[in-house]
Amino acid sequence: MEKKLYIYNTKTRKKEEFKPINPPHVGMYVCGPTVYGDAHLGHARPAVTFDLVYRYLLHLGYKVRYVRNITDVGHLEHDADEGEDKIAKKARLEKLEPMEIAQYYSDRYHQNMDQLNIKHPSIEPRASGHLIEQIEMVKKIIDAGYGYEKNGSVYFDVNKFQRETGKYGKLSGRVIEELKAQTRQLEGQAEKLNSYDFALWKNAAPEHIMRWPSPWGEGFPGWHMECSAMSSKYLGEHFDIHGGGMDLLFPHHESEIAQSVAANEQEPVEYWMHNNMITIDGQKMGKSLNNFITLNQFINGEHDFLERAYSSMTIRFFMLQAHYRSPLDFSNEALQAAEKGFKKLLDSLETLEQLKPANESTMDVKSLRNRFYEAINDDFNTPVLMAHIFEGVKYINSVADGHATITEEDLSILRELFPEFINHILGLEPEEESGKENELVDQLMDTILEIRQQARKNKDFKTADMIRDELQKLNITIKDSKEGTSWEIE
RNA sequence: GGUCUCGUGGCCGAGUGGCUAGGCAGGGGUCUGCAAAACCUCCGACGGCGGUUCGAGUCCGCCCGAGACCUCCA
C-alpha cells in the first residue's frame, strides 16, 4: 500500500511529500506552553494537532523524537524594555517563588494533557534548565557578527542579517521595508539599532526576580532563544518538523530561523507546520471578552458561556472534526453535536466485536481502508478521515442490523483498522465509566434488570417503565434488544 | 493603516471547474409493549454584484462581513 504523506509546509506554502532527513528517524519540535496560568482551549489545539502528527508518524514506523518545551523563564509582559517577566509578576502578586508558580501550572498543564490523551513528548525541556545553551548560542550569534550588546542586553541585527543572507521574512512573508514603516515606535527602544531588532538577551532591572549571570551581566534570555537553543541541542541544527500556532509565525518562528542561520549557518527546519486558531461563538477568545475558557472550566462546566460540562474526549473529537489549518469555532450547539457523534463512534467499536461473518461483504472494506490512508496522508485531513470512518460505522451498524453482511476476512480487517485509527492514531478513547468498574454496581444492575425483565414478561409494563425512568434519573440509560438488556451511565 | 486567511444547508464542518462529504438537528418509515439505540428515507448550502467558461461554491475583479499577524498570546 502506498503511504506517501503530504504535509503543508508554511515555508513553501504548499503541500510537500514528507521525506525525513535521516530515515527512519524524525525530529519534531513544537512550541509548548508558558506556564503562568491554566491551559485554555488555545493550548489544546496545537497539543491535539501535533499529538496526531506524532501518533501517525509512529504508526508509519518512524522513530520519532518529539520535543515540546516548557517556557518557565517567561516572556516579556509589554515590550522589551518596560516589560516585566510574566512569571515574576505573578509570583509577586501571590507571594510565591517564580519556580513555584511554574511548577504548579506545569503540573496542571500535564494533567490537562493527560485528560486529552496527549502522548507525552520524548523530551520536555525547560527554558530555565537551558540557560547555558542559550547563552552559548547568543555568543555564537555575536561572533558571527549578527548580535550587538547595549547596556547589558544583546540584540539581533536584522538589517545586517537580511543584507547578508536575505533570509529574514521568508517564512512569514514579511518585507523589511514594510516592517520599518509599520513597527510601532515603542518607548525605550533607543538601545536597538532598529525597532524591528529583537532581544537575544535582556539585562534584568533591579526589581526583576528571575535573573541569571551572563557575559553581559545579570539578565534573562530573549523570548525566541529557548526554542532555537533547545531544538538544536536535542534534534540537531537541522531537523524535520517544527510546529506551533499560527500566531507564532511572526515574529517568533521568523526569529528562530534568523538565530539559527546566524549561529549555525543553516536553516534549522525542513517542514514548518502551523495550526489555526480557535474562536468562541465566532469571536476571538480573549480575557477582556469574557469568553476566555480554560480546559478545567470546560471539563467542569464552570463558565458562563458553557451550558454544561464537556468531557476532554469530546473536545478532542471536536477538534479532530476540523482540519488543523482551519479556524475552529466553539459553541454549545456544536459541542453537543460532537458529543453525540463521538458516542455513536465509540458504540460502533463495541458493535464491531459482536458482528458475525457471512459469505460475502456488501461493502468494499479494502477500499475503505485505502480512503482512510488517503485522507490522513493528505496533510492530516481528519475531517475527511472522520467522514470515511462514519461510513464504516454505518456499515458496522447495518451488519449488526442484518441489512448488510461481511466476510471473515473483511471483519478481521475492520477489527484491526478501526481501533488502530480511532484509538491509536486519532487518540480517541472511551470515557472513564467509573460505575462500570465497580463490581457491586454491576451485580446490583443485574438484579434490577432481572426484576424488570420479570415484570416485562408478566406484561407489567408500569413497573418496567418505572424502573427505567428511575434509573434514567440517575443518568443510567437502558436499552432493550433481542439479546437482552444493556445499560450505561451517561 | 499594512500583510495574509476565510465566508458552504437550522448548527459544526470537508471538498472542488461538470458526479451524495460527514456529524448534529428536523420530517417520514422499519424494529420495539412503549422507549432508547440502530437501520431506511426525505429536507436542505455554497456572503453580494459583475466577469471568464459549453459548464463555477470551485477561476478573476469589486463590495460586504469575520479572523490572524504587525504588540504578550496556541
Side-chain angles (χ1 to χ4, degrees), chain A residues 13 30-34 36-37 39-50 74-80 83 86 169 172-175 178-179 181-184 186 196 223 243-252 254 274-279 282-287 292 317-318 321-323 325-345 347-348 351 375 378 381-391 393-394 396-404 456 459-462 464-465 468-469 472 477-482 485-488:
Chain A
R13 311 215 172 235
V30 174
C31 293
T34 301
Y36 70 98
H40 52 73
L41 280 176
H43 292 100
R45 189 114 199 242
V48 169
T49 298
F50 295 104
H75 296 164
L76 300 179
E77 188 76 70
H78 297 297
D79 63 81
K86 273 180 184 168
S172 60
R174 305 285 150 151
V175 181
E178 288 171 1
L179 286 175
Q182 287 148 25
T183 306
R184 221 165 47 180
L186 299 163
Y196 43 80
W223 73 287
M246 258 172 134
D247 51 340
L248 295 178
L249 227 166
F250 188 90
H252 187 54
E254 193 70 61
H274 291 94
N275 62 274
N276 214 315
M277 316 300 277
I278 275 170
T279 55
Q283 274 194 310
K284 176 188 173 169
M285 190 168 70
K287 279 176 177 147
F292 192 89
F317 177 86
F318 182 62
Q321 267 196 318
H323 187 80
R325 282 191 288 113
S326 297
L328 178 61
D329 187 54
F330 272 68
S331 64
N332 280 289
E333 201 176 359
L335 281 160
Q336 282 161 28
E339 196 170 59
K340 287 185 189 172
F342 179 47
K343 184 179 180 310
K344 183 173 172 179
L345 180 62
D347 286 348
S348 76
T351 307
D378 183 16
N381 197 330
T382 52
V384 168
L385 172 61
M386 289 277 200
H388 295 322
I389 288 176
F390 273 101
E391 275 181 55
V393 169
K394 187 172 248 187
I396 288 166
N397 288 331
S398 291
V399 173
D401 248 37
H403 289 94
R456 291 180 73 205
K459 306 261 181 214
D460 179 6
F461 297 122
K462 203 181 158 192
D465 288 349
R468 184 171 61 200
D469 292 345
Q472 190 60 58
T477 302
I478 61 176
K479 293 182 214 170
D480 297 321
S481 71
K482 283 161 201 142
T485 301
S486 64
W487 61 278
E488 62 186 12

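In the text below, chain A, chain B and the rest are named by the order of the sequence lines, each starting its count at 1. Values below: all heavy atoms of this structure, side chains included; hydrogens, waters and symmetry mates excluded.
As the counterpart of B/A14, no nucleotide is assigned, since no Watson-Crick or G-U wobble pattern has both distances under 3.5 Å. If you check B/U52 for Watson-Crick or wobble pairing at under 3.5 angstrom, you find it has no partner at all. B/A45 is unpaired under the Watson-Crick or G-U wobble criterion, no partner having all donor-acceptor distances under 3.5 Å. Judged by Watson-Crick or G-U wobble contacts below 3.5 Å, the nucleotide B/G7 has B/C64 as its partner. Summarising the base pairing, B/A21 is matched to no nucleotide, lacking a Watson-Crick or G-U wobble pair whose two defining distances lie under 3.5 Å.
In this structure, A/F342 and A/F317 have tilted ring planes: the angle between them lies in the 30° to 60° band.
Nearest approach of A/P383 to A/A322, heavy atoms of both residues: CG-C, 3.4 Å. Of all the heavy atoms in A/F318 and A/A338, the pair that sits closest is CD1-CB, 3.8 Å. Nearest heavy-atom pair across A/N381 and A/H323 is CA-ND1, 3.7 Å. Considering all non-hydrogen atoms of both residues, A/I278 and A/L41 come closest at CD1-O, 3.4 Å.
For B/A74, the base has no donor-acceptor partner in the side chain of A/R45 [N/O atoms by modelled type, under 3.5 angstrom]. In this model, a side-chain donor or acceptor of A/D480 finds a partner on the base of B/C34 within 3.5 Å.
Within 90° of 0 lies the glycosidic angle of B/G57, which makes this nucleotide syn.
Side-chain N/O atoms of A/N381 include one lying less than 4.0 angstrom from OP1 or OP2 on B/G15. The shortest distance between the side-chain N/O atoms of A/S326 and the OP1/OP2 oxygens of B/A14 is below 4.0 Å. At the phosphate of B/C39, neither OP1 nor OP2 sits under 4.0 Å from any side-chain N or O atom of A/K394. Taking side-chain N and O atoms only, A/N275 has no distance below 4.0 Å to OP1 or OP2 of B/A74.
Computed from coordinates, the A/D329 CG to B/U8 C1' distance equals 15 Å when rounded to whole Å. The interatomic distance linking A/D401 (CG) with B/C39 (P) rounds to 7 Å, in whole Å. For A/N276 and B/A66, the CG to C1' distance is 12 Å, given to the nearest whole Å. With rounding to whole Å, A/H43 atom NE2 is found 4 Å from B/A74 atom P. Rounded to whole Å, atom C1' of B/C24 lies 7 Å from atom NZ of A/K340. Distance A/D465 CG to B/U32 C1': 12 Å, rounded to the nearest Å. Put simply, NE2 on A/H388 is 13 Å from C1' on B/U20, counting in whole angstrom units. Atom-to-atom, CD of A/Q321 to P of B/C24 comes out at 9 Å; the value is rounded to the nearest Å.
Within 4.0 Å of A/P33, counting heavy atoms only, lies no atom of the nucleic acid at all. Heavy atoms of A/G341 sit under 4.0 angstrom from primed sugar atoms or phosphate atoms, though from no base atom. Base contact: A/R456 has a heavy atom under 4.0 Å from a base atom. Nucleic acid contact class of A/L249 (heavy atoms, under 4.0 Å, all strands): none.
RNA chain B is contacted by both A/C31 and A/S398; A/S398 maps to the nucleotide lying nearer its 5′ end (nearest heavy atom per residue). For the pair A/K344 and A/F330, both in contact range of RNA chain B, the more 5′-proximal nearest nucleotide belongs to A/F330.
By the 5.5 Å and 30° criteria, A/F461 is stacked with the base of B/G33.
Judged as a side chain to side chain contact (heavy atoms under 4.5 Å, CB included), and not counting sequence neighbours, the contacts of A/E254 are A/Y168, A/L171, A/S172, A/F250.
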